[in-house]
Student: 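The structure's right below; bear with me while I get my questions together.
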Number of protein chains: 2
Amino acid sequence: MNDPIDNILQQWNQTKPELDCSAMGIVGRLLLVNINWKKKIEHVLTDKELSFIEFDILATLRRNQIPLTPTELYQTLMLSSGAMSTRIETLVQRGFIERVASEKDRRSCKVKLTPQGIKAIDIVLDAHVKNMSGMLNGLDGGEQKQLAGLLKKVLLSD
Amino acid sequence: MNDPIDNILQQWNQTKPELDCSAMGIVGRLLLVNINWKKKIEHVLTDKELSFIEFDILATLRRNQIPLTPTELYQTLMLSSGAMSTRIETLVQRGFIERVASEKDRRSCKVKLTPQGIKAIDIVLDAHVKNMSGMLNGLDGGEQKQLAGLLKKVLLSD
DNA sequence: TATTGTTATACTCTATAACTATA
DNA sequence: TATAGTTATAGAGTATAACAATA
């Protein structure tokens with residue numbers, strides 16, 4: 001059975017037979033799976049009126065249990081400070097988070113989930129986890145473990 | 001050995017022990033590998049003054065061997081017609097491609113690589129393939145085949 | 001002087017829809 | 001009427017740098 005990448009590799013093979021496409025077969029497939037999965041994830045999040053990065057901020061706060069500074073957040077989520085400020089502000093205005101002034105350092109603040117924010121992220125998280133399970137339906141349990149292991153190996157080799 | 005996702009899963013486990021994180025371990029790792037790999041790919045392409053989508057257009061034309069219409073291009077590359085028009089125009093102005101008027105349908109045209117465009121994409125492609133091979137250094141040959149197979153299975157189950 | 005966080009600015013990229021020409 | 005491709009517009013999102021307050 002052929003997937004979309006098989007067709008691309010076949011075209012390359014006909015055009016440039018000397019080209020070694022083995023790496024392209026892996027990288028191309030991973031990028032394509034990423035596109036498909038991201039669409040499915042965003043579909044669930046949009047349903048709850050959250051962007052991917054907004055979800056990431058709320059989820060990061062939730063699983064850390066303690067409030068984080070804007071600096072910690074933009075470093076964790078690989079965003080500029082300015083972009084993080086904007087995101088924080090819109091989440092504050094929607095009642096999901098609040099800024100708590102620091103007592104030790106008066107330049108700084110902690111970003112904290114509101115009770116409403118906790119409720120919202122818990123609901124979205126539930127839908128998100130179910131959604132991800134569905135995305136993996138094509139693999140059995142053993143294959144899922146295998147895939148996780150291979151991806152982990154790639155991450156650790158970076 | 002722990003990767004970044006292990007830490008996230010551990011935090012979730014402490015915060016919400018009832019949450020089944022097995023799917024998150026796979027999806028999270030794939031999204032993270034995608035971020036890392038895309039950065040590396042874009043580093044090589046930027047070096048040659050090409051964006052990812054510009055590279056994709058040139059590569060699509062190269063491996064198809066025959067010129068394609070703008071419509072075929074934006075459908076293949078999942079872009080709007082307007083966005084594709086803009087991309088085509090900048091590539092024309094840089095001498096990589098040209099529009100050839102269709103004889104059969106005077107509304108239409110074919111987008112064709114110039115000799116300079118072919119030379120450019122061939123050089124970039126070479127660097128790109130080498131780059132991708134390097135990205136897979138952490139896996140041996142058997143593991144690479146395994147990963148390709150698992151990703152293919154995911155794509156075919158969508 | 002350096003750092004925290006915000007604000008102002010400008011830039012890139014896109015989708016949408018209006019538009020032209022042709023089928 | 002429908003379609004191919006372009007153009008005009010507006011929106012989302014970002015990084016950068018200037019900025020104010022504090023260390």
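Within every chain, numbering begins at 1; the chains are lettered A, B, ... in the order of the sequence lines, protein sequences first and strands thereafter.
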Student: Using 0.5 Å steps for rounding, measure from the CD atom of B:Glu98 to the CD1 atom of B:Ile88.
Tutor: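 B:Glu98 atom CD to B:Ile88 atom CD1 measures 13.0 Å (nearest 0.5 Å).
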Student: With sequence neighbours excluded, give me every salt bridge (charged side-chain N to carboxylate O under 4.0 Å, His left out) pair touching residues 39-48 of chain A.
Tutor: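 Every pair satisfying salt bridge (charged side-chain N to carboxylate O under 4.0 Å, His left out) with a residue in residues 39-48 of chain A: A:Lys40-B:Asp158.
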Student: Of all of residues 90-102 of chain B, which get a heavy atom below 4.0 angstrom from DNA chain D, listed by number?
Tutor: B:Arg99
Student: Send over the distance from B:Met84 CE to D:dT7 C1', rounded to a whole Å.
Tutor: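 Atom CE in B:Met84 sits about 16 Å away from atom C1' in D:dT7.
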Student: Taking only residues two or more places apart in sequence, or in another chain, which ones meet B:Ser80 in a side-chain contact (heavy atoms from CB on, under 4.5 Å)?
Tutor: B:Ala83
Student: Starting at atom CD of B:Glu42, determine the distance to atom P of C:dT12, rounded to an integer number of angstrom.
Tutor: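 After rounding, the reported distance stands at 15 Å.
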Student: Please encode protein proximity along nucleotides 12-23 of chain D as a string of B, S and -, counting only heavy-atom distances under 4.0 Å.
Tutor: --SBB----BBS
Student: Provide, to the nearest angstrom, the distance between the CD atom belonging to A:Gln75 and the C1' atom belonging to C:dT3.
Tutor: 12 Å
Student: For a quick test of your reading: what N or O donor-acceptor pairs under 3.5 Å do the side chains of residues 142-152 of chain A make, sequence neighbours left out?
Tutor:
unit_1: A:Glu143; atom_1: OE1; unit_2: A:Asp140; atom_2: N; d: 2.9
unit_1: A:Glu143; atom_1: OE1; unit_2: B:Lys153; atom_2: NZ; d: 3.3
unit_1: A:Glu143; atom_1: OE2; unit_2: B:Lys153; atom_2: NZ; d: 2.6
unit_1: A:Gln144; atom_1: NE2; unit_2: A:Leu136; atom_2: O; d: 3.3
unit_1: A:Gln144; atom_1: NE2; unit_2: A:Leu139; atom_2: O; d: 3.1
unit_1: A:Lys152; atom_1: NZ; unit_2: B:Met1; atom_2: O; d: 3.0
unit_1: A:Lys152; atom_1: NZ; unit_2: B:Asp6; atom_2: OD2; d: 2.7

Student: Round to the nearest Å and state the distance from B:Phe52 atom CZ to C:dT14 atom C1'.
Tutor: 17 Å
Student: Check the phosphate of C:dT6 against A:Ser85, side-chain N and O only, distance under 4.0 Å to OP1 or OP2. Yes or no?
Tutor: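 Yes, within the criterion.
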Student: Tell me, please, which residues at least two apart from B:Ser102 pass side-chain contact (heavy atoms from CB on, under 4.5 Å).
Tutor: B:Lys104, B:Asp105, B:Ser108
Student: Starting at CG of B:Leu68 and ending at C1' of D:dA4, how long is that distance when rounded to a whole Å?
Tutor: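 One finds 15 Å between C1' of D:dA4 and CG of B:Leu68, rounded.
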Student: Taking side-chain contact (heavy atoms from CB on, under 4.5 Å) as the test, write out the residues that go with B:Asn137, two or more places apart.
Tutor: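 Listed in chain order: nothing, the list is empty.
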Student: Find the distance A:Ile88:CD1 to C:dT7:P and express it as a whole number of Å.
Tutor: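 Between P of C:dT7 and CD1 of A:Ile88: 11 Å.
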Student: Specify the separation, in whole Å, of atom CD of B:Glu89 and atom C1' of D:dA8.
Tutor: 15 Å
Student: Under the side chain to side chain donor-acceptor pair (under 3.5 Å) test, which residues partner B:Lys16, sequence neighbours left out?
Tutor: A:Asp122
Student: Would you please name every residue forming a ring pair (Phe, Tyr, Trp, His ring centres under 6.0 Å) with B:Phe55, sequence neighbours left out?
Tutor: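 Only B:His128 meet the ring pair (Phe, Tyr, Trp, His ring centres under 6.0 Å) criterion with B:Phe55.
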Student: Do the side chains of A:Glu54 and A:Arg94 get close enough for a salt bridge, i.e. N-O under 4.0 angstrom?
Tutor: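 Looking at A:Arg94 together with A:Glu54, the answer is yes, because their closest N to O distance falls below 4.0 Å.
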